[in-house]
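Following: one structure in structure tokens, then a few remarks.
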Amino acid sequence: MSIPRNPTEQQRNFFQDVHEVVRLVPVGRVTTYGTIAHYLGARHGARMVGWAMMAAHTANEYVPAHRVINRNGLLTGKQHFATPTAMQEALEAEGIRVIDDQVQDFKRLLWDPATELE
DNA sequence: ATCCTGACCACCT
DNA sequence: CAGGTGGCCAGGA
């Protein structure tokens with residue numbers, strides 16, 4: 001899978017929407033692909049959120065991609081970071097405990113824009 | 001055009 | 001209750 005060289009208007013908007021939501025995630029909290037998809041109206045599958053995240057490192061503004069994990073609290077996207085440990089280290093630097101790719105106390109740390117943002 | 005695969009998830013056996 | 005399946009949309013072979 002790769003990022004489109006010349007994204008359509010629709011794709012750029014989708015990327016920006018996803019990135020914007022991710023930037024709203026508070027330090028020390030996490031959110032999930034599915035949550036974002038649902039918040040954006042579920043018009044795109046959760047897979048598309050993950051797809052948009054691949055464009056995170058090419059975005060103009062910083063996107064804390066390490067705060068986006070899957071619904072089980074697993075760091076499924078860590079392979080896409082500069083190093084395999086970068087994601088976990090970024091989370092731990094914010095006070096989040098990660099053991100064996102699993103965010104501890106994940107349920108309490110979960111940040112859902114639909115309910116937290118209003 | 002067809003089939004496969006993907007930073008996923010909800011639903012159905 | 002665990003594993004399988006389909007759906008989501010897009011891109012590459």
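By convention in this document, chain letters (A, B, ...) are assigned in the order of the sequence lines, proteins followed by strands, and residues within each chain are numbered from 1. Everything numeric here is computed off the predicted structure, so don't read it as measured data.
Heavy atoms of A:A65 sit under 4.0 angstrom from at least one base atom.
For the strand DNA chain C, secondary-structure stems (runs of at least three Watson-Crick or G-U pairs, all distances below 3.5 Å) span B:2-6 with C:9-13, B:8-13 with C:2-7.
Nucleotides C:dG3 and B:dA7 have their C1' atoms positioned 22 Å apart, rounded to a whole Å. A gap of 25 Å separates the P atoms of B:dC8 and C:dC1, to the nearest Å.
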- Task: Determine, stepwise, if the pair A:Y33 / A:W51 fulfils ring-ring contact (aromatic ring centres under 6.0 Å, His included).
- Result: CA-CA 10 Å; A:Y33 305 96; A:W51 182 58; over 10 Å; no
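Proximity of A:Q11 to the phosphate of C:dG11: a side-chain N or O atom is located under 4.0 Å from OP1 or OP2. Taking only side-chain nitrogens and oxygens, A:T32 never comes nearer than 4.0 Å to OP1 or OP2 of B:dC8.
With sequence neighbours excluded, the residues that form a side chain to side chain donor-acceptor pair (under 3.5 Å) with A:D105 are A:R108.
At whole-Å resolution of the value, CE in A:M48 and P in C:dG7 are 15 Å apart. Atom P of nucleotide B:dG6 and atom OH of A:Y33 are separated by 14 Å, given to the nearest angstrom. The distance between atom CZ of A:R47 and atom C1' of C:dG7, rounded to the nearest whole Å, is 9 Å. One can place CG of A:N13 at 13 Å from P of C:dA10, the figure rounded to the nearest angstrom.
Under the 6.0 Å cut-off for aromatic ring centres, A:H44 and A:F14 qualify, their centroids lying closer than that.
Relative ring orientation between A:Y62 and A:H66 is described as tilted, the plane-to-plane angle lying within the 30° to 60° band.
When atom types are taken as modelled, the side chain of A:D112 and the backbone of A:A114 share a donor-acceptor pair closer than 3.5 angstrom. Remark: the backbone N or O of A:Q102 is not paired with any side-chain donor or acceptor of A:D100 at under 3.5 angstrom.
The side chain of A:R71 approaches B:dA10 more closely than any other nucleotide in the set C:dC8, B:dA10, C:dC9. Comparing C:dA10, B:dC8, B:dA7 by their closest approach to the side chain of A:M53 singles out B:dA7. Each of B:dA7, B:dC8, B:dG6 was ranked by its minimum atom distance to the side chain of A:F81; first place goes to B:dA7.
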